[in-house]
Amino acid sequence: MKKSLIALAAVAASGAAFAQSSVTVFGVVDQAVSYVNGGENWNGINSGANSTSRLGFRGVEDLGGGLKANFWLEAGVLADTGSGKSGYSANETSSDALAFKRRSTIGLEGAFGEVRMGRELTAAYNATARYDLFGSVGFGASRVWNDGVLGVAANSTTKTTNGVNLTTQRVGNMLTYVSPSFSGFKAAVNYGFGEATGDNSKSRYIGTGLTYDNGPLSLGLSAERQNTLNTAGAYSATAQTTRDVTAWALGGSYDLGVVKLLAAYRDSKAKDDVTGGKDKMKGAYIGLSAPVGAAGEVKVTYNRYEGQQFNADKYKADQFALGYVHNLSKRTAVYGTYAYIKNKDDGALAINLNGTSGGTLKTNGSQHGLQVGVRHNF
């Protein structure tokens with residue numbers, strides 16, 4: 001009897017311990033039938049046209065006294081092929097193997113805020129890219145916050161005409177601090193260690209984001225600097241290895257109930273530390289969304305891109321997108337997206353195919369795209 005009571009007490013104590021921690025498995029499977037009309041047409045299936053397909057694990061443990069430990073491991077998946085070649089930055093060599101390239105962090109959180117270590121989206125990106133109604137994926141995605149470079153031929157090792165260098169969306173070996181919310185204000189700071197022998201500033205990343213959220217009003221401001229990279233970029237042998245990139249952005253939204261208005265602007269410069277020449281890029285974005293019944297949402301966006309590669313002509317491009325999402329349940333939705341892009345001057349930007357090679361621009365620099373898909377969250 002005594003042993004039984006001891007055993008019961010041990011089980012109860014074990015249960016109490018487990019009650020203080022939790023692990024969650026989560027993910028998204030998203031695929032769309034896609035068609036691109038241009039100089040040469042393309043059709044096929046794309047993964048992540050509404051939300052990036054992914055598989056993740058996250059957990060939290062209550063350490064007592066208001067202190068918690070947490071971890072987050074998240075891998076991107078190309079659901080149309082089953083490949084794990086997703087979540088990589090433009091300067092990284094990708095692989096079909098599943099890798100936690102979207103996020104891999106461990107941290108501590110409490111009344112002081114949260115401190116994390118590892119790889120994740122930068123605070124600068126999070127502060128302003130959240131105003132992209134298409135979530136930086138699919139044909140409607142804004143390239144204002146493009147990863148690594150703007151103007152890369154899909155599956156190519158070279159930049160397209162007048163492609164300009166940008167900061168990367170995700171940074172590894174990074175230390176992150178996120179403050180508590182103060183009357184709607186919240187700040188986040190990143191420091192990415194370059195880990196280059198003999199030169200601590202090589203490949204170093206520094207960035208910050210300030211946000212304000214209060215009722216229908218939301219604002220974001222960011223600034224960041226990415227020093228010359230330690231390894232060659234995926235799009236050319238020297239594309240980012242000799243450039244220091246600095247950028248700032250601001251954005252905001254206001255929800256009127258019947259319609260939500262959004263806007264953002266980003267400016268970046270990439271200075272060659274050998275020649276002193278600069279790549280320049282600026283982008284402006286406006287959008288609006290409106291509920292349709294109890295389960296639908298329509299969204300419209302317009303983007304203007306202007307850039308200039310060092311010692312090259314300027315380029316301009318206008319992008320328009322229209323989308324509709326209909327929720328069949330809390331987890332499943334069907335959607336459709338139409339996008340149109342028109343280049344001016346020496347621009348050569350094509351519709352975002354998420355790395356898939358296909359389709360070319362018409363002789364007038366334009367291209368149309370249509371996607372219809374299904375998304376399921378779990």
Side-chain angles (χ1 to χ4, degrees), residues 72-76 85-95 97 99-107 115-129 136 145-152 156-159 163-178 188-209 222-249 266-281 307 309-310 355:
W72 192 307
L73 297 172
E74 184 176 330
K85 192 180 293 185
S86 176
Y88 290 82
S89 296
N91 63 296
E92 297 175 320
T93 302
S94 57
S95 167
F100 297 111
K101 284 292 186 176
R102 286 184 57 82
R103 181 167 171 177
S104 55
T105 62
I106 187 169
V115 176
R116 297 192 295 262
M117 293 183 290
R119 175 187 174 89
E120 61 179 304
L121 289 167
T122 66
Y125 177 86
N126 286 330
T128 55
S136 299
W145 302 274
N146 214 60
D147 184 79
V149 70
L150 183 63
V152 179
S156 173
T157 58
T158 59
K159 294 190 292 182
V164 296
N165 294 280
L166 303 172
T167 55
T168 51
Q169 296 173 357
R170 290 179 173 84
V171 175
N173 303 306
M174 188 165 66
L175 187 63
T176 298
Y177 170 71
V178 181
V189 181
N190 300 131
Y191 181 87
F193 294 87
E195 298 190 350
T197 302
D199 189 349
N200 292 328
S201 66
K202 198 77 169 180
S203 299
R204 181 178 61 189
Y205 174 87
I206 301 173
T208 185
S222 67
E224 55 188 327
R225 177 181 175 87
Q226 182 171 296
N227 287 7
T228 54
L229 293 181
N230 195 20
T231 56
Y235 39 85
S236 79
T238 59
Q240 283 189 315
T241 55
T242 61
R243 283 176 166 81
D244 292 332
V245 185
T246 57
W248 66 271
R266 188 173 192 265
D267 185 284
S268 68
K269 295 180 177 63
K271 182 179 179 181
D272 190 304
D273 59 8
V274 176
T275 66
K278 291 183 179 180
D279 289 356
K280 300 178 181 179
M281 185 270 179
Q309 191 177 0
F310 177 55

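In this structure, Arg103 and Leu121 have side chains that are not in contact, with every pair of non-hydrogen atoms separated by 4.5 Å or more. A heavy-atom distance below 4.5 Å is found between the side chains of Ile206 and Arg204. The closest side-chain heavy-atom distance from Arg266 to Thr167 is below 4.5 Å. Taking 4.5 Å as the limit, some side-chain heavy atom of Leu175 sits within range of a side-chain heavy atom of Val115. Annotation: side chain of Met281 is not in contact with side chain of Asn146 (no heavy-atom distance under 4.5 Å).
Nearest heavy-atom pair across Tyr88 and Ala99 is OH-CB, 3.8 Å. Listed here is the closest heavy atom pair of Ala127 and Gly209: CB-CA, 3.9 Å. Heavy atoms only, all atoms of each residue included: Val171 and Gly192 are closest at CG1-CA, 4.3 Å. Heavy atoms only, all atoms of each residue included: Gln169 and Asp147 are closest at N-OD1, 2.6 Å. Between Ala124 and Tyr205 the shortest heavy-atom distance is CB-OH, 3.9 Å. The minimum heavy-atom distance linking Ala188 with Thr208 is given by the pair O-OG1, 2.9 Å.
In this structure, a donor-acceptor pair under 3.5 Å is present between the side chains of Tyr125 and Ser136. Thr105 and Glu120 form no side-chain donor-acceptor contact under 3.5 Å, judged by distance and modelled atom types alone.
Going from atom CD of Glu224 over to atom CG of Leu166 covers 9.0 Å, rounded to the nearest 0.5 Å. Here Trp248 contributes atom CH2 and Thr128 contributes atom OG1; the two are 10.5 Å apart, rounded to the nearest 0.5 Å. To the nearest 0.5 Å, atoms CE (Met174) and OG (Ser104) are separated by 9.5 Å. Separating the CZ atom in Phe193 from the CG atom in Asn173 is a distance of 8.5 Å, to the nearest 0.5 Å. Annotation: the span from Arg170 atom CZ to Glu92 atom CD amounts to 10.0 Å, rounded to 0.5 Å. Taken to the nearest 0.5 Å, the CG atom of Asp279 stands 11.5 Å off from the NZ atom of Lys269.
Using a cutoff of 4.0 Å between basic side-chain nitrogens and carboxylate oxygens, Arg102 and Glu74 are scored as salt-bridged.
Checked by atom type and distance alone, the side chain of Asn190 pairs as donor or acceptor with a backbone atom of Ala123 at under 3.5 Å. Between the side chain of Arg119 and the main chain of Lys101, a donor-acceptor pair closer than 3.5 Å is present.
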